[in-house]
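Data first, discussion second: the structure below is written as structure tokens.
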Amino acid sequence: GEDVEQSLFLSVREGDSSVINCTYTDSSSTYLYWYKQEPGAGLQLLTYIFSNMDMKQDQRLTVLLNKKDKHLSLRIADTQTGDSAIYFCAEKGTGGGNKLTFGTGTQLKVEL
Amino acid sequence: GAVVSQHPSRVICKSGTSVKIECRSLDFQATTMFWYRQFPKKSLMLMATSNEGSKATYEQGVEKDKFLINHASLTLSTLTVTSAHPEDSSFYICSAVLAGGGETQYFGPGTRLLVL
């Protein structure tokens, strides 16, 4: 089945940029998503990218997609303490039903 | 827009009892809702896909008689954990997809279940 991998932990200083990486195996992915989860809460959709795009920017967030290498990244500019959370990438394949396969999650810690 | 709520947010129950968790799309209609389970510091595991007016589709390894799903309306899906046991303790999260072919899943805030 499909597999989505992320590094488990990232620590950055406030004001620096954060880059969270994700690799996936499903070459038929149509959409790729980034979700944020704060402690004890559900998932908040941050952004998504369609598979025929290379880059998408939304305020402080920049998503880069390398479809050849099946690599997705999320860059957060000017990282703030409020950005501390777990970030999940997820991919949607061409199978029916809008099913998503989630990555393992990256815990981002922002230090002062 | 696209707000999904879950009720209750936390529940503690005795072993052997049944617990119902509600998932509601507050400002949109959802023909499809998903139920996930998340263990501590782990990713989300899809349990089942809930379609309005039809039987849910369960993922491999998920007992449909244990986790009863009902999607009675375009804004409400319920998950009932029957005869709960301590190993059912987990964080249960639902998501909903906009009716009309939307691609994006909007997630609820989750329900923390603790079975004693």
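Note that these values count all heavy atoms, side chains included, but never hydrogens, waters or copies made by symmetry. Below, chains carry the letters A, B, ... as their sequence lines are ordered, and counting in each starts from 1.
At a 4.5 Å heavy-atom cutoff, B:Gln6 makes no contact with chain A through either its backbone or its side chain. Contacts of A:Tyr31 with chain B are made by side-chain atoms alone, with heavy-atom separations under 4.5 Å and no backbone atom involved. Interface remark: A:Leu100 contributes backbone and side-chain atoms alike to the contact with chain B (heavy atom separation under 4.5 Å). For B:Gln60, no part sits under 4.5 Å from any heavy atom of chain A, backbone or side chain. Looking at A:Gln37, only its side chain comes within 4.5 Å of chain B, counting heavy atoms on both sides.
In this structure, SG in B:Cys23 is found 10.5 Å from CD1 in B:Ile93, a value given to the nearest 0.5 Å. The structure places CG of A:Asp26 at 4.5 Å from CD of A:Glu91, a figure rounded to the nearest 0.5 Å.
Considering only heavy-atom pairs separated by less than 4.5 Å from chain A, the leading option among B:Pro109, B:Cys94, B:Gly108 is B:Pro109.
Other residues, nucleotides and ligands contribute over 12 non-hydrogen atoms within 6.0 Å of the CD atom of B:Glu87.
For the pair A:Lys92 and A:Tyr33, the cation does not sit on the ring face, since its NZ or CZ is not both under 6.0 Å from the ring centre and inside 45° of the axis.
Between B:Glu22 and B:Lys20, none of the side-chain N atoms (NZ, or NE/NH1/NH2) sits under 4.0 Å from a carboxylate O, so this pair counts as no salt bridge.
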